[in-house]
Protein chains: 2
Amino acid sequence: MKIKNDIISCKTCVYRTLLFGCLDDIEYKMINNARREVLFHKGEKIKSEFEKINSFLYLRRGLVKLYKTDHTGKDHILSINKPGDFINLLCIFTNETYNYSISTLEETLACEVDINVLEHLIKANGDFAISIVHRMGHIAGEIIESRFEQSQQQIKGRIASILLFFADQVYHRKTFELPITRREFGELISMTTENTIRTLSDFNNDGIIATKGKTINILDYDFLWKIKVNG
Amino acid sequence: MKIKNDIISCKTCVYRTLLFGCLDDIEYKMINNARREVLFHKGEKIKSEFEKINSFLYLRRGLVKLYKTDHTGKDHILSINKPGDFINLLCIFTNETYNYSISTLEETLACEVDINVLEHLIKANGDFAISIVHRMGHIAGEIIESRFEQSQQQIKGRIASILLFFADQVYHRKTFELPITRREFGELISMTTENTIRTLSDFNNDGIIATKGKTINILDYDFLWKIKVNG
DNA sequence: AAAGATAGGTGATTTATATCATACTTTAAA
DNA sequence: TTTAAAGTATGATATAAATCACCTATCTTT
């Protein structure tokens, strides 16, 4: 991890409208002063479960995984998060400690804002409070939706969902480098590594995707959607 | 459904401290005026998915299920909610419509507060905004936790968790009437009705619980906990 | 009281997934 | 640069859960 000198201001940040659209000049200054940019290298653990929360985290560049480790030592990935995501907003005002760990999957640039300043702004600016509440509901809705989806799917449907997530939500192309290992892929869909590998091989053999190591090329995008929706 | 004349005021409500502890007298009056008590009979559908959200819902007595119906017509229960729960807080400021349906499992008394008044209070009272944000995070944390738990469990562990939920969180006794059918039990743990029934029978035959129709008596509470934790 | 619908229950069989074993490949460390 | 450790891959087998079939009991409605 490396703390960077401020390069941009919140006011001109591309993600500004997502949450900070309603702040006035003085409030921007407050956020800007209470904030630092942090660069994490690939594979770095940003936060540990049970670590005290004292900042609001905001992804500017890169990719992270949110995960929990069970009592047998096995990891379970809750979600993959990308630029624009507020990766700890849901738990920030609730717990004194994180209830999941966060690690980077790529080199990642994040903004860290002192939690007390954010709390102050929520109290002082009603519109900002509403956007926080709005954003939290949005994140929770995605968790509910993905849980609902997974409970209807078998392994093929789950694999298809994740492949489409990377293609549509993260890389915006049909060919991309998978940022996770096969083991992590399994941890994300609650399946074993072996069956995850096998199913990716099946998709490859069936001509739905072409795999070469970490490179994935989606050949039959529409069929992948059918698999995602129907099982 | 039956609209009741106001009997109690928010100020003396037993659940006041959960969310409304920081309101002043004028604000209490606002909530009280914008609020109505509604009594739903057993099995009634309170809200439908895709229905417009225009009130904040607050359980005072009874029990409800939150669920979604998939494209094959099968229901998936997201959670069972009990008195003191804010059953639509997570999505209230996000969507214009519900993203799940709500039905009662028992006769249920709820408070409905006009959403605009709640939004006004969030904007006007910073401490109230903080308690809303705090409470939302708490609810989201429970969803994350239950998802993490389920992904580690097979059917026995899931059944044990639900039985302990009813005993510890809802009825506060080891003997209770199951408020859901075996089918709904399955919808709650993402297992088929048949296997749910079979596992309850197994628990009964093994002397862990005693079942008679809807009546459940937990005989070996500690062992049920072991099953919940270890699989 | 009869008839139909829903709920509870159990066995047999099929299917999906986990587990175990083993090999080869790539990456990281000594 | 060799060695060790992960990661990828695939087959065989075991286990968990779904499905199908059928039956009885209990509500609901007429």
Side-chain angles (χ1 to χ4, degrees), chain A residues 41-44 65 70 72-77 103 105-106 150-160 162-163 177-206 209-216 227 230-231, chain B residues 41-44 65 70 72-77 103 105-106 150-163 177-206 209-217 227 230-231:
Chain A
H41 49 256
K42 182 179 169 172
E44 195 170 354
K65 61 172 178 179
D70 69 23
T72 70
K74 191 173 154 32
D75 285 348
H76 300 256
I77 297 178
S103 289
L105 300 169
E106 297 174 356
Q150 270 211 3
S151 72
Q152 298 169 60
Q153 289 170 320
Q154 295 182 338
I155 189 163
K156 290 191 178 192
R158 295 184 191 181
I159 299 255
I162 300 302
L163 292 174
E177 290 289 299
L178 202 63
I180 52 175
T181 64
R182 271 42 169 186
R183 182 171 54 75
E184 288 172 317
F185 205 133
E187 289 166 1
L188 186 53
I189 60 172
S190 300
M191 295 285 164
T192 57
T193 309
E194 292 97 318
N195 283 327
T196 303
I197 290 171
R198 236 185 290 268
T199 304
L200 283 167
S201 295
D202 289 346
F203 282 7
N204 185 56
N205 294 335
D206 294 347
I209 62 174
T211 63
K212 194 179 180 190
K214 286 261 196 299
T215 308
I216 304 280
I227 296 173
N230 297 314
Chain B
H41 49 255
K42 182 178 169 172
E44 195 170 356
K65 62 171 177 179
D70 69 23
T72 70
K74 192 173 152 31
D75 285 349
H76 300 257
I77 297 178
S103 289
L105 300 169
E106 297 174 354
Q150 270 210 2
S151 73
Q152 300 169 59
Q153 289 170 320
Q154 295 181 338
I155 190 164
K156 289 191 179 195
R158 295 184 191 182
I159 298 255
S161 288
I162 300 303
L163 292 175
E177 292 286 301
L178 202 63
I180 51 176
T181 63
R182 278 19 177 203
R183 181 171 54 78
E184 288 173 315
F185 204 133
E187 288 167 0
L188 185 53
I189 61 172
S190 300
M191 295 285 164
T192 57
T193 309
E194 293 95 318
N195 284 327
T196 303
I197 290 171
R198 238 185 289 270
T199 305
L200 284 167
S201 295
D202 290 346
F203 282 7
N204 184 56
N205 295 334
D206 295 347
I209 62 174
T211 62
K212 195 180 179 191
K214 287 257 196 302
T215 307
I216 304 280
N217 184 4
I227 296 173
N230 297 314

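All values below were derived from every heavy atom in this structure, side-chain atoms included, with hydrogens, water molecules and symmetry-related copies excluded. Chain letters run A, B, ... following the sequence lines, proteins first, then strands; residues in each count from 1. Note that the coordinates shown come from a computational prediction; the quantities given were computed from them, not determined experimentally.
One finds the NZ atom of B:K156 at 5.5 Å from the CG atom of B:D202 (value rounded to the nearest 0.5 Å).
Taking 3.5 Å as the limit, the base of D:dT19 and the side chain of B:R198 contain a donor-acceptor pair of atoms between them.
Counting non-hydrogen atoms under 4.0 angstrom, B:K214 reaches the backbone sugars and phosphates but no base. When heavy atoms are screened at a 4.0 angstrom cut-off, A:S201 is found touching the sugar-phosphate backbone but no base atom.
When atom types are taken as modelled, the side chain of B:N217 and the backbone of B:A210 share no donor-acceptor pair closer than 3.5 angstrom.
Rounded to whole angstrom, the span from the CG atom of A:L200 across to the C1' atom of D:dA9 amounts to 11 Å. Between the P atom of C:dC20 and the CD atom of A:E194 lies a distance of 10 Å, rounded to the nearest Å. In this structure, A:I197 atom CD1 and D:dG11 atom C1' are separated by 13 Å, rounded to whole Å. One atom, CD of A:Q152, and another, C1' of C:dA16, lie 17 Å apart when rounded to the nearest Å. Rounding to whole angstrom units, CD of residue B:Q153 and C1' of D:dA16 are separated by 15 Å. Per the geometry, CD1 belonging to B:I155 stands 15 Å off P belonging to C:dT17, to the nearest Å. Here the P atom of nucleotide D:dT8 and the CD atom of A:E187 are 12 Å apart, to the nearest Å. Counting to the nearest Å, the P atom of C:dT17 and the CG atom of A:D202 are 12 Å from each other.
In terms of position on DNA chain D, the residue among A:R183 and A:Q154 whose nearest nucleotide sits closer to the 5' end is A:R183.
For A:K42, the NZ atom is loosely surrounded, since the number of other residues' heavy atoms within 6.0 Å does not exceed 12.
Under the side chain to side chain contact (heavy atoms under 4.5 Å, CB included) test applied with B:F203, the options B:T211, B:L163, B:I216 reduce to a single match, B:L163.
Applying the 4.0 Å criterion to OP1 and OP2 of C:dA18, one finds that A:N195 has a side-chain N or O inside that range.
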